[in-house]
Amino acid sequence: MKTISAELAYFLRGRARQNLKVLLYYCGFLLLLILVYASLFRYLMLHLEGREYSFIAGVYWAITVMTTLGFGDITFHTDIGYIFATVVTVSGVVFLLIILPFGLISLFLAPWIEQRLRYRPSFSLPPETRGHVLVFGVNPTARVLLRKLGSRKIPFVVITDDYDESLRLEEEENVRVVCGSPTDVNLLTKVRVDSARYIFANLSDTQNTNLCLTVRSLCKTPIAAVVEDPEHIDLVRLAGADKVVPLQRIIGRYLGIRSTTCGALAHVIDSFDALQIAELPVYGTPFVDLTLEQAKIRQKTGMTVIGVWERGTFTIPQKDTLLSSASLVVMAGTREQLQKMEDLTGEQKEDDLVYILGHGRIGCAAANFLDRKPVPYILIDQMENQHCQKHIAILGDATNRNLLHQSGIEKAKGLIITTNDDSTNIFLTLSSRNSNPHMRIVARANTEENVAQLYAAGADFVVSNASVGANILMNILESKESIFLTEGVTIFRRTVPQILVNKTIEEAQIRPQTGCSIIAIERPGETLQLAPTPDTRLTAECSLMLIGSPEQEERFSKHFGVQRI
Ligand code: ADP
Ligand code: ZN
């Protein structure tokens with residue numbers, strides 16, 4: 001089945017697609033010719049021989065004569081009629097019996113055979129290959145990862161045993177692929193596993209374990225493995241992986257954090273030592289409908305607002321940025337400052353309630369996160385989760401409004417939508433937003449393409465599996481200390497570049513030249529200086545916490561030299 005669809009896909013792309021257009025035009029021309037002949041046939045029969053035929057009979061006559069079948073049931077008996085019939089037969093032979101099959105062969109069959117013969121998958125890399133990244137397995141996470149590696153000009157090679165996938169990647173995406181079984185020692189030697197920079201194991205948990213063991217029997221090249229089941233983390237690590245990424249658990253946690261409306265401490269997304277990065281939904285706090293200047297968050301708590309989310313759009317805030325009930329502020333500060341924020345806003349803790357639609361691995365991880373807070377939640381799934389002994393879900397289809405109503409969803413403050421089907425997720429987001437404008441809706445996107453649709457349907461926050469996975473792997477590769485906020489926003493740490501030592505922030509011109517903003521300055525042995533003023537002097541021992549897009553981060557590295565910590 002897969003082979004048929006792969007072959008069909010061939011006709012729908014590239015040159016074959018162009019050729020398909022030519023064929024359609026040609027068929028249109030043949031149809032027109034038949035219609036013209038049918039009309040002429042009727043005209044000549046009526047005026048030369050006084051016989052009247054229907055239009056269908058005309059088409060029938062033209063086709064039988066053009067294909068040289070000529071049953072002889074309808075024939076002319078005049079010279080002009082014979083000449084006309086001869087012209088129709090000859091043109092039929094030329095257009096239908098010679099040009100059409102020839103065209104089909106030269107436009108489709110020959111290029112297809114040529115492509116098959118020409119494509120020889122590689123089974124090894126040149127001996128001098130070094131410093132390359134080996135990506136095992138092709139899935140949505142790997143596809144995003146390949147794009148990122150490509151855009152950063154990091155050499156990489158994909159290893160897959162799927163012939164069609166390797167053909168597609170090489171022909172269409174210009175990706176270097178080696179075809180073969182990922183756990184074959186010979187293949188690993190041939191792809192120069194010992195001189196690779198990093199190995200990304202993106203296969204099933206069992207295959208990843210096998211791959212790690214095989215690689216470890218050959219060399220010490222670092223391996224980052226994505227695991228599906230958190231219970232396998234230890235095993236994969238034991239097999240030799242240096243970094244293990246329990247993607248589903250991480251995504252579940254991301255969704256969990258963003259679904260609760262309880263206090264600020266619950267919203268810590270990540271931290272850089274003392275610096276905590278937290279998100280706070282504005283709804284239900286004293287800051288609704290105030291500008292950032294009026295809210296006086298800094299004066300009251302010491303926290304610095306470093307960004308504002310408004311239904312999927314992240315902005316670096318200005319004084320006059322308005323905080324609406326749908327906004328979410330991203331703040332940086334110490335634990336004590338967060339505690340102050342919690343004291344200020346955390347009153348609604350008791351009535352917090354989250355609904356989780358979908359109890360797969362991600363839904364289960366989100367429930368585990370809420371268990372630890374603890375925040376009460378209700379799980380709904382159409383099937384029992386065989387791998388979970390801990391949670392009990394309401395069984396039923398989440399798209400059934402009656403079921404949701406009976407389960408009391410109107411009381412929910414937060415909603416996590418995490419089924420494995422994006423159309424279901426979009427439908428659920430839209431209908432939930434429609435019935436409850438203030439609910440915090442966080443949704444999971446199984447493919448990148450649906451992120452925008454989920455935001456358009458009314459989600460407050462969307463987490464895309466592939467994007468999160470690829471970002472984590474890129475950070476591991478570049479041993480970057482950075483926090484992933486969303487696609488396009490990261491927080492990162494750098495030492496003060498040599499050329500900026502002893503300059504003030506104003507003189508350093510970091511924002512005008514790179515677009516990145518300094519959110520804090522760290523000095524050894526001192527407390528963190530948040531939101532430093534423009535006259536703060538940068539010294540050699542300082543490190544800077546910055547926020548910006550990956551491009552702005554890149555610009556920073558290029559402009560001031562890469563000095564990661
Ligand atoms: P993951 O492990 O990545 O979370 P799964 O495929 O295991 O992905 O989980 C998705 C869950 O969503 C499954 O348990 C499935 O039963 C559930 N699900 C899918 N569609 C619906 C629906 N319409 N109503 C309720 N649950 C659903
Ligand atoms: Zn569970």
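Every number for a ligand or one of its atoms is a count from 1 in the order of the listing.
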Quick one: does ligand 1 sit under 4.0 Å from the side chain of Glu228, the backbone, both or neither, non-hydrogen atoms only?
neither
Distance-only donor-acceptor pairs under 3.5 Å for side chains of residues 240-250, two or more places apart:
| from | atom 1 | to | atom 2 | distance (Å) |
| --- | --- | --- | --- | --- |
| Asp242 | OD1 | Arg216 | NH2 | 2.7 |
| Asp242 | OD1 | Ile223 | N | 2.8 |

Please could you name the atoms of ligand 1 that Asn420 approaches to less than 4.0 Å, counting only its heavy atoms?
6 (O), 10 (C), 12 (O), 19 (C)
Distance to 0.1 Å, residue and atom name: give those for the protein heavy atom nearest to atom 20 (N) of ligand 1.
Gln382 NE2, 3.4 Å
Taking atom types as modelled, find out whether Thr447 and Asn450 have a side-chain donor-acceptor pair closer than 3.5 angstrom.
yes
Can you run down the ring-ring contact (aromatic ring centres under 6.0 Å, His included) pairs that involve residues 396-415, sequence neighbours left out, and say none if there aren't any?
none
Check whether Tyr254 forms a cation-pi arrangement with Arg258 (NZ or CZ under 6.0 Å from the six-membered ring centre, at most 45° off the ring normal).
yes
Nearest protein heavy atom to atom 12 (O) of ligand 1, by residue and atom, and its distance?
Thr419 CA, 3.5 Å
Any Asp397 heavy atom less than 4.0 Å from ligand 1:
yes
Nearest non-hydrogen protein atom, atom 7 (O) of ligand 1
Gly360 CA, 3.7 Å
Name the closest protein heavy atom to atom 14 (O) of ligand 1, giving the residue it belongs to and the distance to 0.1 Å.
Asp381 OD2, 2.7 Å
Number the atoms of ligand 1 from 1 as they appear, then name those within less than 4.0 Å of a heavy atom of Thr424, with their elements.
23 (N)
Will you find, in the side chains of Tyr455 and Asp460, an N or O donor that is under 3.5 Å from an N or O acceptor?
no
Does the side chain of Leu134 come within less than 4.5 Å of Arg197's, by heavy atoms?
no
Do me a favour and list the nearest non-hydrogen protein atom to atom 2 (O) of ligand 1 with residue, atom name and distance?
Arg361 NE, 2.5 Å
Residue-ligand contact Asp421/ligand 1, heavy atom below 4.0 Å
no
The answer for which part of Arg444 has a heavy atom under 4.0 Å from ligand 1 is side chain
Any luck finding a side-chain donor-acceptor pair between Arg401 and Ser435 under 3.5 Å?
yes
For atom 24 (N) of ligand 1, which protein heavy atom lies nearest, and how many Å away is it?
Ala398 N, 2.8 Å
ring-ring contact (aromatic ring centres under 6.0 Å, His included) partners for Tyr198, two or more places apart
Phe200
Using a cut-off of 2.8 Å, find all protein N, O or S atoms closer to the Zn ion (ligand 2) than that distance.
His359 NE2, Cys364 SG, Cys388 SG, His391 ND1
Where's the contact between Ile362 and ligand 1, heavy-atom distance under 4.0 Å: side chain, backbone, both or neither?
both
